[in-house]
Amino acid sequence: MAGSKLIRGGMIVTSTDLYAGEIMIKDGRIEAIGKRLEAGEAEVVDASGCYVFPGGIDPHTHLDMPFGGTVTADNFESGTRAAAYGGTTTIIDFCLTSKGQSLEEALRIWQAKAEGQAVIDYGFHLMIASLGDEVLQELPRMIEEEGITSLKVFMAYKNVFQADDGTLYRTLVEAKRLGALVMVHAENGDVIDQLIREALAAGHTDPIYHALTRPSAIEGEATGRAALLTGLADSQLYVVHVTCAEAVQRIAEARSQGLSVWGETCPQYLVLDQSSLEQPDFEGAKYVWSPPLREQWHQEALWDGLRSGQLQTIGSDHCSFNFKGQKELGRGDFSKIPNGGPSIEDRFTILYSEGVAKGRISLNQFVDLVSTRSAKLFGLFPRKGTIAVGSDADLVIFDPSVTRELSAATHHMNVDYNPYEGMVVMGQPISVLSRGEFVIRDLTFVGRTGAGQFLKRSRFSGGEAVMEPEKRQTSARANT
Ligand code: URP
Ligand code: ZN
Ligand code: ZN
């Protein structure tokens with residue numbers, strides 16, 4: 001059990017508040033928040049000059065994942081350690097499934113990857129490859145008993161992960177009935193497949209053709225299609241890794257019609273652009289994500305979406321592959337470059353630096369985007385995602401005055417390049433606590449492999465803070 005701690009001298013920031021205060025931690029939870037709290041036996045932690053944020057929640061990671069003929073460079077140990085260095089105390093990773101495989105089996109495989117490895121808490125989203133009878137029968141148990149309350153459908157990666165529209169629609173219907181949130185990778189996989197064939201037939205093999213064969217219009221089209229099906233099913237949808245103006249527009253339209261449609265973007269789409277894929281000597285492969293990096297002007301649409309609330313979360317989509325030996329699999333054929341890149345460590349600080357420090361978003365919006373809204377959408381609030389009495393003591397002591405350069409030479413991700421190499425950022429997580437224990441202390445890892453716990457999450461509650469009916473009854477009884 002974690003020893004008591006008193007965090008003193010910092011500015012506490014939540015998605016709604018900003019004040020100087022002290023936090024008393026006991027048994028892994030926040031016991032009290034106030035001023036001039038009595039330290040007693042508690043260890044006093046000095047947070048002077050720092051913000052104290054709720055631990056970051058990264059709703060989109062791929063650790064220890066087989067993809068593109070190889071396996072991601074980061075596993076649950078290295079990936080979660082890097083996440084903690086970067087101010088993230090909870091991740092939700094994607095449990096892959098395949099057609100014909102039982103959900104039970106897929107979950108056991110993913111549990112085995114994470115258990116005894118993760119240094120911070122973690123949950124899983126469950127991929128839906130197809131909806132056969134067995135999967136339909138298993139779904140209620142996955143959601144109600146295993147607490148896996150979000151389902152993922154790929155509209156792209158034809159012949160690998162892609163599901164058809166019928167499967168997406170039926171998943172939306174089941175999710176509504178059972179209380180889960182459906183997540184989509186929204187790109188038109190059939191059209192992309194055709195464009196890739198045409199490009200290769202014309203001898204276009206360089207990394208830039210990855211971007212040119214996945215135009216933003218078809219991300220917009222798929223986003224609009226998924227939103228339309230969500231309306232038909234009267235269900236709920238979360239669009240992962242939104243990259244472009246067209247997709248933001250479709251999400252905004254759906255929301256203006258009252259649909260429960262939510263959008264996530266990622267640091268790479270906010271600060272990098274398509275020109276990186278043109279780097280010589282195949283270096284452009286380092287910047288191959290799907291959907292791809294876009295022309296720079298799309299960044300403004302993404303920032304506008306975050307500022308105005310049309311996009312609500314920041315995921316890292318961390319899916320790291322080494323340049324040497326992994327990205328290189330696509331030399332001579334861009335379609336064989338493993339898709340994805342490393343961002344788990346830099347997600348939090350990039351959003352602070354490019355968002356708050358550059359005046360694009362407020363401190364409260366920052367907390368909502370990197371932590372609170374994901375907790376609300378994915379059934380973790382108020383245990384995670386805020387600083388409140390009774391919440392887990394997942395905290396980040398963040399020094400906003402530090403200026404530093406992001407680099408593979410100093411990062412903690414198990415990958416041989418950093419897509420943000422040389423980028424100067426403001427701010428650094430100095431110390432990070434998970435359930436009241438230091439994971440990072442004064443920039444040094446002091447956590448424990450396997451200390452992270454699997455999180456059973458509550459059912460989808462509309463993306464806001466609501467109490468589940470059974471808990472409401474208990475609290476009503478307690479009040480009489
Ligand atoms: O390129 C990406 N995004 N790789 C990870 C898999 C996915 O589509 O999220
Ligand atoms: Zn994706
Ligand atoms: Zn992803």
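We count ligands from 1, going down the list as the structure has it; atoms in each ligand are counted the same way. The structure displayed is predicted, hence computed values, not measured ones. In what follows, every heavy atom counts, from backbone to side chain, and hydrogens, waters and symmetry copies are set aside. In this chain, numbering begins with 1 at the start of the sequence shown.
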Closest D317 atom to the Zn ion (ligand 3) [N, O or S only]
OD1
How does N339 reach ligand 1, if at all, at less than 4.0 Å between non-hydrogen atoms: by side chain, backbone, both, or neither?
both
Could you please spell out the steps behind the ring pair (Phe, Tyr, Trp, His ring centres under 6.0 Å) verdict for F161 and H185?
CA-CA 10 Å; F161 297 143; H185 172 134; 9.1 Å; no
For atom 3 (N) of ligand 1, the closest protein heavy atom turns out to be D317 OD2, 2.6 Å
Look at the aromatic rings of H204 and Y209 and report parallel, tilted or perpendicular, splitting at 30° and 60°.
parallel
Among non-hydrogen protein atoms, atom 1 (O) of ligand 1 lies closest to S290 N, 2.8 Å
If the threshold is 4.0 Å, N to carboxylate O, is there a salt bridge linking R294 and E219?
yes
Could you check whether any side-chain heavy atom of S374 comes within less than 4.5 Å of a side-chain heavy atom of F381, counting everything from C-beta outward?
no
The Zn ion (ligand 3) to nearest N/O/S of H241 less than 2.8 Å:
no
Restricting H185 to its N/O/S atoms, the closest one to the Zn ion (ligand 2) is ND1
Are any N, O or S atoms from H60 nearer to the Zn ion (ligand 3) than 2.8 Å?
yes
Give the ring-plane orientation class for H210 versus F334, where under 30° counts as parallel, over 60° as perpendicular and anything between as tilted.
perpendicular
Heteroatom proximity flag, H62 to ligand 1, N/O under 3.5 Å:
yes
List ligand 1 atoms under 4.0 Å from H185, heavy atoms only on the residue side.
8 (O)
Do me a favour and list the nearest non-hydrogen protein atom to atom 8 (O) of ligand 1 with residue, atom name and distance?
Y157 OH, 2.6 Å
Is there any N or O on F154 that sits under 3.5 Å from an N or O of ligand 1?
no
Hey, are the side chains of M183 and L237 touching, using non-hydrogen atoms and a 4.5 Å cut-off?
no
Name the orientation class of the two ring planes belonging to F323 and F282 (parallel below 30°, tilted from 30 to 60°, perpendicular beyond 60°).
tilted
Do E146 and L107 have side chains that get closer than 4.5 Å, going by heavy atoms?
yes
